[in-house]
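Data block below; observations after.
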Amino acid sequence: MFSSHDGLCTIGELAEHLRVSVKTVRFYSDRGLLPEASRSAGGHRRYGPDAVERLSMIRSLRGLDLPVPEVRRILDEQDAQDGREGAGAGGALEDAVAGRLRALGSELAALRWREAALRLVQECSPAERPDRLRLVGAVAAPPSTASLARFWRAWLPHRMPARSVRAFLEAAVPAPPDAPRPDQVLAFARLHAFVTRPCGGGAGAGSCQPRAHGVREARASAVLYAGLAEAYDLAGAELRRGAEPSPGEALDGFVDTYASTYGARDTPVFRRVLAGRLAADPRIDRYWELTAELISTPGAPPEPTPGAAHDWLLAALEGQVGAAAGHGGEASASTAPA
């Protein structure tokens, strides 16, 4: 390639050999990525034989859409390793590739979300489009679950341990799918709208926090929600097999969790009072309905959610209490949730 007596080439020769523009070679030279071997008497850039391989490497890295600063770090590390025995690709290249893959994953997720949102708007009737546009326009692409997490953090007991809060959020906050269907985009957008309105749907509405969950001690709240999670898992299994609400292990664990939290005994009277208290607590059924729409497969039974499991257990408890009352099976009052 290099026909000059000193083995060097001009910027034009280097550019022609690698089929790039002189402007491209000059760009990388000016940024220190492609050092010059020398300058001619007239001040023209001249490059040595190693410039071919280096420029080829730069083009390959830029072809992967790695930014110039990342390319510089990779080349600097490569320069530092030259001549070392066993030297190969260093951590700078691995980190750059991993970072670019993460960025691409986020970009692809955003594109898939936007495509599904556009299909949602395209496939609805003209009368529905303004409302659909308003809903999906309020959600970023890819969407964030931050608004859902904020809703639950305000709903949970304030003194609840951070570990217990994280465990609850993992179960209560649905992750947006990587490749959403239009109906899932709509469900998530409606979830976002639900949690960003005052609880109860109006200004000045009261707290959504259930009175039955109003424990004062952090440890008590952790015990309560850990026990409920186990009961919800058992009830979820019953829901998956299509079982009607009924007494059993799931209900016993559910009631025992409340009894243990309040230092009470599991008696018929306790169950009656607990059923009344839970039935009177604020409802957020819409949240769980939308969550089920988001995580369920079309045509299949809805995936159980903590809310659906809670409703199944409450129905089982109310059925048991009602049956006991019908048989005159009440005892004297005992300790009940305050």
Side-chain angles (χ1 to χ4, degrees), residues 152 155-157 167-168 171-172 174 194 199-201 206-215 220-297 300-338:
W152 286 114
W155 187 90
L156 292 167
F168 180 88
F194 178 85
C199 194
S207 171
C208 281
Q209 172 64 45
R211 291 178 60 202
H213 294 189
V215 293
S221 64
V223 170
L224 172 63
Y225 281 90
L228 290 178
E230 293 181 7
Y232 292 162
D233 284 343
L234 293 172
E238 298 295 318
L239 281 164
R240 285 189 177 90
R241 68 183 186 87
E244 293 295 321
S246 60
E249 182 183 4
L251 180 59
D252 289 344
F254 182 68
V255 174
D256 183 65
T257 293
Y258 282 104
S260 299
T261 300
Y262 291 101
R265 291 186 301 112
D266 181 1
T267 65
V269 170
F270 179 84
R271 293 198 173 208
R272 175 177 58 80
V273 175
L274 178 63
R277 174 58 56 81
L278 293 175
D281 272 334
R283 307 291 298 178
I284 49 174
D285 294 335
R286 184 58 175 158
Y287 181 95
W288 298 116
E289 291 169 1
L290 292 169
T291 297
E293 291 179 21
L294 185 65
I295 66 176
S296 300
T297 302
E303 278 293 314
T305 65
H310 180 90
D311 288 347
W312 190 95
L313 290 163
L314 179 56
L317 178 60
E318 290 174 335
Q320 186 183 58
V321 167
H327 288 87
E330 288 197 12
S332 60
S334 181
T335 306

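Values below: all heavy atoms of this structure, side chains included; hydrogens, waters and symmetry mates excluded. Quantities reported herein were computed from a predicted structural model and do not represent experimental measurements.
Classified by interplanar angle (parallel below 30°, tilted 30° to 60°, perpendicular above 60°), the ring pair Phe254/Tyr232 is tilted. Classification of the Tyr262-Tyr258 ring pair by plane angle, with boundaries at 30° and 60°, yields parallel. Between Trp152 and Phe168, the two ring planes are perpendicular [angle over 60°; tilted spans 30° to 60°].
The closest side-chain heavy-atom distance from Tyr287 to Pro174 is below 4.5 Å. The closest side-chain heavy-atom distance from Asp311 to Trp288 is not below 4.5 Å. At least one side-chain heavy atom of Leu228 sits under 4.5 Å from a side-chain heavy atom of Leu224. When side chains are defined from C-beta on, Leu274 does not count as touching Val321, because their heavy atoms never get closer than 4.5 Å. Arg272 is listed as a side-chain neighbour of Val269, based on a closest heavy-atom distance under 4.5 Å.
The distance from atom CD of Glu318 to atom CG of Leu278, rounded to the nearest 0.5 Å, is 8.5 Å. Taking OG1 of Thr305 as the start and CD1 of Ile295 as the end, the distance is 6.5 Å to the nearest 0.5 Å. The distance from atom CD1 of Ile284 to atom CD of Glu289, rounded to the nearest 0.5 Å, is 11.0 Å. Distance OG/Ser246 to CG/Leu317: 12.5 Å, rounded to 0.5 Å.
Pairing each heavy atom of Ala250 with each of Ala235, the nearest pair is CB-N, 3.9 Å. Contact detail for Asp266 and Ala259: the closest heavy-atom pair is N-CB, 4.3 Å. Closest approach of Gly236 to Ala309, counting heavy atoms only: N-CB, 4.4 Å. The minimum heavy-atom distance linking Phe194 with Arg286 is given by the pair CE1-CB, 3.8 Å. Minimum heavy-atom separation, Ala292 to Pro302: CB-CB, 4.4 Å. Across Pro245 and Ala316, no two heavy atoms sit closer than the pair CB-N, 3.6 Å.
Pairs engaging residues 242-252 under the salt bridge (charged side-chain N to carboxylate O under 4.0 Å, His left out) rule: Asp252-Arg271 [sequence neighbours left out]. Sorted by first and then second residue, the salt bridge (charged side-chain N to carboxylate O under 4.0 Å, His left out) pairs with a member in residues 229-242 read Glu238-Arg241, Arg240-Glu303; sequence neighbours excluded.
For Pro247, the side-chain contact (heavy atoms from CB on, under 4.5 Å) partners at least two apart in sequence or on another chain are Leu251, Gln320.
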